[in-house]
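Remarks on the structure that follows.
Indexing begins at 1, ligand by ligand and atom by atom, following the structure's order.
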Amino acid sequence: MTTLRLVLGDITRQRADAIVNAANSSLLGGGGVDGAIHRRGGPAILEACRALRASSYGRGLATGHAVATPAGRLDALWVIHTVGPVWQGPDSDPAPLVSCYRESLRVADELGARTVAFPAISTGVYRWPMADAAAIAVESVRLTPTEVEEVRFVVFDEGAYGAYSGVLGEVTGG
Ligand code: APR
């Protein structure tokens, strides 16, 4: 049984077995969560990402996929990098965003991670509307069989917190 929790704060300050990064396909850093994770996690994360690009991820990480690296100076064992879809408007296909959560949990299971912290993937630079992204995030995790014991949704502002708590309230019947 996986416990779902909601936290308002900086995901790079979370203590968890795995922290999920809202990356881009280059795996070579960026802004937002990506920038914060590399800043606080230090160069070891980028070095590991570069090694992935030089080996099995020569063309980068595809949207909806996930791959783990060590977590450098973060209070975590691993960073699970995943690439969310860019919102293309009301008929945007949610499947790649669902896949980010499912694939990140699959990678977490491969690692034996028991606690996983997720940001609100695709809701920043990739412009996915928060309410819809929160529903997709919670529903995807709830419906994915996993050994992960705690999934923490770590959001950065009150608006996101309200969106997630609304959905989680529905889910937990609270
Ligand atoms: N902790 C938790 N949440 C954060 C943090 C943080 N330190 N920084 C930003 N966020 C929130 C944003 O407010 C947003 O709601 O994370 C959500 C995702 O925003 P982005 O980081 O912009 O990620 P995304 O929308 O998936 O875009 C990915 O942005 O940073 C680049 O390299 C990244 O190209 C990629 C793209």
Side-chain angles (χ1 to χ4, degrees), residues 4-43 45-50 52-53 57 59-69 71-76 78-90 92-105 107 115-141 150-168:
L4 304 184
R5 293 195 198 294
L6 179 59
V7 172
L8 174 62
D10 180 345
I11 198 167
T12 66
R13 292 182 180 277
Q14 289 295 308
R15 169 178 300 179
D17 291 342
I19 292 175
V20 176
N21 180 22
N24 60 58
S25 56
S26 78
L27 282 175
L28 301 178
V33 171
D34 202 1
I37 282 176
H38 283 282
R39 253 192 321 278
R40 182 173 293 277
I45 299 175
L46 186 57
E47 279 158 28
C49 287
R50 286 205 176 106
L52 289 170
R53 287 299 309 273
Y57 289 85
R59 298 159 56 92
L61 184 64
T63 298
H65 290 235
V67 67
T69 65
R73 294 196 295 259
L74 296 179
D75 201 352
W78 302 283
V79 172
I80 296 175
H81 307 264
T82 191
V83 180
V86 178
W87 194 61
Q88 312 280 354
S92 294
D93 178 8
L97 188 53
V98 173
S99 178
C100 285
Y101 291 94
R102 295 183 70 91
E103 282 299 295
S104 294
L105 288 174
V107 170
T115 56
V116 177
F118 279 101
I121 299 167
S122 284
T123 62
V125 167
Y126 287 178
R127 298 181 307 107
W128 205 283
M130 183 60 75
D132 191 45
I136 291 167
V138 172
E139 191 67 6
S140 302
V141 169
E150 177 189 328
V151 164
R152 222 173 297 150
F153 295 108
V154 185
V155 295
F156 216 34
D157 57 63
E158 291 292 343
Y161 191 89
Y164 273 77
S165 52
V167 179
L168 283 166

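For ligand 1, the atoms closer than 4.0 angstrom to any heavy atom of Ala22 are 23 (O), 26 (O), 28 (C), 33 (C). Residue-ligand proximity, Gly9 to ligand 1, at heavy-atom distances under 4.0 Å covers atoms 1 (N), 2 (C). Near Ser122, meaning under 4.0 Å from one of its heavy atoms, ligand 1 places the atoms 24 (P), 25 (O), 26 (O). Each of the following atoms of ligand 1 lies closer than 4.0 Å to a heavy atom of Asp34: 30 (O), 32 (O), 33 (C). Near Thr123, meaning under 4.0 Å from any of its heavy atoms, are these atoms of ligand 1: 14 (C), 15 (O), 17 (C), 18 (C), 25 (O). Near Asp10, meaning under 4.0 Å from any of its heavy atoms, are these atoms of ligand 1: 1 (N), 6 (C), 7 (N). Less than 4.0 angstrom separates some heavy atom of Met130 from each of these atoms of ligand 1: 15 (O). Per-residue contacts place Ile11 under 4.0 angstrom from the following atoms of ligand 1 (heavy atoms of the residue considered): 1 (N), 2 (C), 6 (C).
Atom 25 (O) of ligand 1 has Gly124 N, 2.7 Å as its closest protein atom, hydrogens excluded (heavy atom only). The nearest protein atom to atom 13 (O) of ligand 1, hydrogens excluded, is given as Phe156 CB, 3.8 Å; this is a heavy-atom distance. The nearest protein atom to atom 22 (O) of ligand 1, hydrogens excluded, is given as Val125 N, 2.9 Å; this is a heavy-atom distance.
Looking at Ala163, Pro85, Ala160, Ala120 and measuring to atom 18 (C) of ligand 1, the nearest heavy atom belongs to Ala120. Remark: among candidates Val154, Val33, Ile37, Ile19, the nearest residue to atom 16 (O) of ligand 1 is Val33, based on non-hydrogen atoms. Of the listed residues (Thr82, Leu27, Asn24), the one carrying the non-hydrogen atom nearest atom 34 (O) of ligand 1 is Asn24.
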(request) Please test Gln14 against Asp75 for side chain to side chain contact (heavy atoms under 4.5 Å, CB included), starting from the C-alpha separation and ending with a verdict. (result) CA-CA 7 Å; Gln14 289 295 308; Asp75 201 352; over 6 Å; no

(request) Show the numbers, then the answer: is there a side chain to side chain contact (heavy atoms under 4.5 Å, CB included) between Val155 and Thr123? (result) CA-CA 10 Å; Val155 295; Thr123 62; over 6 Å; no

(message) Does Phe118 form a side chain to side chain contact (heavy atoms under 4.5 Å, CB included) with Leu105? I'd like the steps, not just the answer.
(response) CA-CA 10 Å; Phe118 279 101; Leu105 288 174; 4.1 Å; yes

(request) Would you please test Phe153 and Val141 for side chain to side chain contact (heavy atoms under 4.5 Å, CB included) and show each step? (result) CA-CA 10 Å; Phe153 295 108; Val141 169; 3.8 Å; yes

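Shortest non-hydrogen contact noted between Pro96 and Thr63 is CB-CG2, 3.8 Å. When all heavy atoms of Pro85 and Trp128 are compared, the pair lying nearest together is CG-CZ3, 3.6 Å.
Residues satisfying the salt bridge (Lys or Arg N to Asp or Glu O under 4.0 Å) criterion with Asp157, sequence neighbours excluded, are absent altogether.
In terms of polar-atom proximity, Gly35 is not counted as a contact of ligand 1, lacking any N or O under 3.5 Å from an N or O of the ligand. Checked against a 3.5 angstrom limit, the closest N/O atoms of Gly31 and ligand 1 fall inside it.
The shortest side-chain heavy-atom distance between Leu28 and Arg50 falls under the 4.5 Å cut-off.
Looking at Val20, Leu74, Ile19 one by one, the single match for side chain to side chain contact (heavy atoms under 4.5 Å, CB included) with Ile11 turns out to be Ile19.
At distances below 3.5 Å, not a single donor-acceptor pair connects side-chain atoms of Asn21 with backbone N or O atoms of Thr82. In terms of modelled atom types and a separation under 3.5 Å, the side chain of Arg53 and the main chain of Ser26 share a donor-acceptor contact.
Looking at Ala23 against ligand 1, only its backbone comes within 4.0 Å, counting heavy atoms.
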